[in-house]
There are 2 protein chains.
Amino acid sequence: MFQGEFSNNMDDKGRVSIPAAFRDTLKTHHADERIVITRSPHSRYLTAYPMREWKRLQARIAATPPSPQLRAFKRIVISSAQEYIPDRQGRVLVAPSMREYADMDRAIQFAGAGETFEIWAKASWDKQLENDLVLAQGFELGL
Amino acid sequence: MFQGEFSNNMDDKGRVSIPAAFRDTLKTHHADERIVITRSPHSRYLTAYPMREWKRLQARIAATPPSPQLRAFKRIVISSAQEYIPDRQGRVLVAPSMREYADMDRAIQFAGAGETFEIWAKASWDKQLENDLVLAQGFELGL
DNA sequence: AATGCTTACCCACAATTCCCCACTAAATGC
DNA sequence: GCATTTAGTGGGGAATTGTGGGTAAGCATT
């Protein structure tokens, strides 16, 4: 389970450290440090999948009947997918097109999302959170 | 699997570098660097098939009963098909008629699409992605 | 046979990426 | 509170990738 939020800085070369807590989850729960990072279709941020989850998503896509929506989804998600193994310092190099998509410059926000985790430009994250506070109003889940 | 996106520039002679990641996939997964590039029937871009996939497509076409639609499809796809082996620098020379079909001038976008990959004029790709972002809204496939 | 055009193949440079080491700051343990 | 470990950040050098250009070979037209 990926949970918690962390903010790290991207350096001039476009590298960001994956939070140690997440790397730990990968090692202990997945025994596989490989992650796949893609564009999120929901908004301007990136989603990181442990390899196992990525395979699961691929399978689900393959089992879905073709449609214009699916093709759009694939173009956003699959085409942007890139596999990474963090370097010895635990960093990955985010490609320019991805940085652009997610408006990333320096301050990066990581947010655990259960089986995956999200990577945001900090500014976008803050804004999203504002919205979510309103959206979640009155949404009771038995609390 | 071809995945990830890359943008390269076409030079004055009409040559573009095939992204190294894709060339790698060809070598390791196919042991055959030959690719076939054709017009895409879906929109104004090109599709690149590793030889094995191309043969598979041909077989499927051969097994399809004749119809006006099939003839149209063949005219678009088969007639334009051209086989390439990247030169020592990993480039191919895109024929003028293909450049024209896909509105290519300089900035070229490569997009992995699983068993094949797509080659777009960057401007067209960007536009397509804008559309896809709207189209994919509300398309839930888990995550 | 000569000319011009296109294509194929080669070399060279520039930019990017990869991999390693080093430093600082924060967290942990005694 | 001090020493030790861990996390995050910066930077250097080597290797890879992408790009531009040059030269020779093939082809068609004249």
Side-chain angles (χ1 to χ4, degrees), chain A residues 2-28 33-37 46 48 80-101 104-112 117 119-122 125, chain B residues 2-28 33-37 48 80-100 104-112 117 119-122 125:
Chain A
F2 298 101
Q3 47 183 234
E5 22 162 2
F6 305 88
S7 40
N8 289 339
N9 292 318
M10 174 142 54
D11 68 19
D12 295 344
K13 294 181 182 177
R15 298 175 297 184
V16 251
S17 293
I18 305 295
F22 292 172
R23 273 181 280 145
D24 242 47
T25 303
L26 286 170
K27 276 196 210 159
T28 59
E33 289 189 81
R34 289 179 301 166
I35 55 179
V36 173
I37 297 179
L46 310 180
S80 67
Q82 197 139 351
E83 185 180 326
Y84 294 97
I85 296 175
D87 71 11
R88 188 185 292 209
Q89 278 74 253
R91 292 175 293 194
V92 297
L93 177 69
V94 180
S97 62
M98 300 292 260
R99 286 191 289 233
E100 199 183 324
Y101 179 76
M104 291 170 169
D105 50 350
R106 202 179 146 79
I108 305 295
Q109 182 81 16
F110 290 83
F117 60 91
I119 311 175
W120 292 74
K122 180 125 179 44
W125 169 260
Chain B
F2 298 101
Q3 51 184 219
E5 26 163 6
F6 306 88
S7 39
N8 289 339
N9 292 318
M10 176 143 58
D11 67 18
D12 295 343
K13 295 180 183 176
R15 299 175 298 184
V16 251
S17 293
I18 305 294
F22 292 172
R23 274 181 280 144
D24 242 47
T25 302
L26 286 169
K27 277 197 209 159
T28 60
E33 290 189 81
R34 289 179 301 166
I35 56 180
V36 173
I37 297 179
S80 66
Q82 195 144 351
E83 185 180 326
Y84 295 96
I85 296 176
D87 71 12
R88 187 188 293 210
Q89 277 76 254
R91 291 176 293 195
V92 297
L93 177 69
V94 180
S97 62
M98 301 291 261
R99 284 190 289 228
E100 199 183 324
M104 291 171 170
D105 51 348
R106 201 181 145 78
I108 306 293
Q109 181 82 13
F110 290 82
F117 60 90
I119 311 176
W120 293 73
K122 181 131 178 39
W125 170 261

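Per chain, numbering begins at 1; letters A, B, ... match sequence-line order.
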Please report the distance, rounded to the nearest Å, between [atom1] in [X] and [atom2] in [N].
{"X": "A/Asp87", "N": "D/dA7", "atom1": "CG", "atom2": "P", "answer": "14 Å"}
{"X": "B/Phe6", "N": "C/dT17", "atom1": "CZ", "atom2": "P", "answer": "10 Å"}
{"X": "A/Met10", "N": "D/dT9", "atom1": "CE", "atom2": "C1'", "answer": "14 Å"}
{"X": "B/Asp11", "N": "C/dC10", "atom1": "CG", "atom2": "P", "answer": "17 Å"}
{"X": "B/Glu83", "N": "C/dT7", "atom1": "CD", "atom2": "C1'", "answer": "16 Å"}
{"X": "B/Phe22", "N": "D/dG18", "atom1": "CZ", "atom2": "C1'", "answer": "15 Å"}
{"X": "B/Leu93", "N": "C/dT6", "atom1": "CG", "atom2": "P", "answer": "11 Å"}

* Structure fact -> Tightest non-hydrogen contact, residues A/Ile18 and A/Ile35, listed as CD1-CD1, 4.1 Å

* **Closest approach of B/Ala95 to B/Gln82 (non-hydrogen atoms, all atoms of both residues)** => CB-OE1, 4.3 Å

[X] near the nucleic acid: base, sugar-phosphate alone, or nothing, with a heavy-atom cut-off under 4.0 Å?
{"X": "A/Ile85", "result": "nothing"}
{"X": "A/Asn9", "result": "sugar-phosphate"}
{"X": "B/Ile18", "result": "sugar-phosphate"}

* To do: On DNA chain D, check which nucleotide each of B/Lys13 and B/Gln89 is closest to and give me the residue with the more 5' one.
  => B/Gln89

* Asked: Taking the side chain as C-beta and beyond, is there a heavy-atom pair between A/Tyr101 and A/Leu46 under 4.5 Å?
  -> yes

* Would you check if A/Ile108 and A/Asn9 make a side-chain contact, meaning some heavy-atom pair closer than 4.5 Å? => no

* **Residues in side chain to side chain donor-acceptor pair (under 3.5 Å) contact with B/Gln109, at least two apart in sequence or another chain** => B/Glu5

Can you check whether [X] has a side-chain N or O nearer than 4.0 Å to OP1 or OP2 of [N]?
{"X": "A/Arg23", "N": "D/dG8", "answer": "yes"}
{"X": "B/Arg88", "N": "C/dC10", "answer": "yes"}
{"X": "A/Arg91", "N": "D/dG11", "answer": "no"}
{"X": "B/Arg106", "N": "D/dG20", "answer": "yes"}

* With the side chain of B/Asn8 defined as its heavy atoms from C-beta on, choose the nearest nucleotide among D/dG8, D/dT19, C/dC11. => D/dT19

* Asked: Taking atom types as they are modelled, is there a donor-acceptor pair under 3.5 Å from the base of D/dG21 to the side chain of B/Arg15?
  -> yes

* Is the distance between the ring centroids of B/Phe2 and B/Phe110 less than 6.0 Å? -> no

* To do: Describe, as an angle rounded to 10 degrees, how the axis at the first end of the helix from C/dA1-D/dT30 to C/dC30-D/dG1 is tilted relative to the axis at the last end, five pairs per end.
  => 20°

* Asked: Under the criterion side-chain contact (heavy atoms from CB on, under 4.5 Å), which of B/Arg15, B/Arg91, B/Arg99 is the partner of B/Met10?
  -> B/Arg99

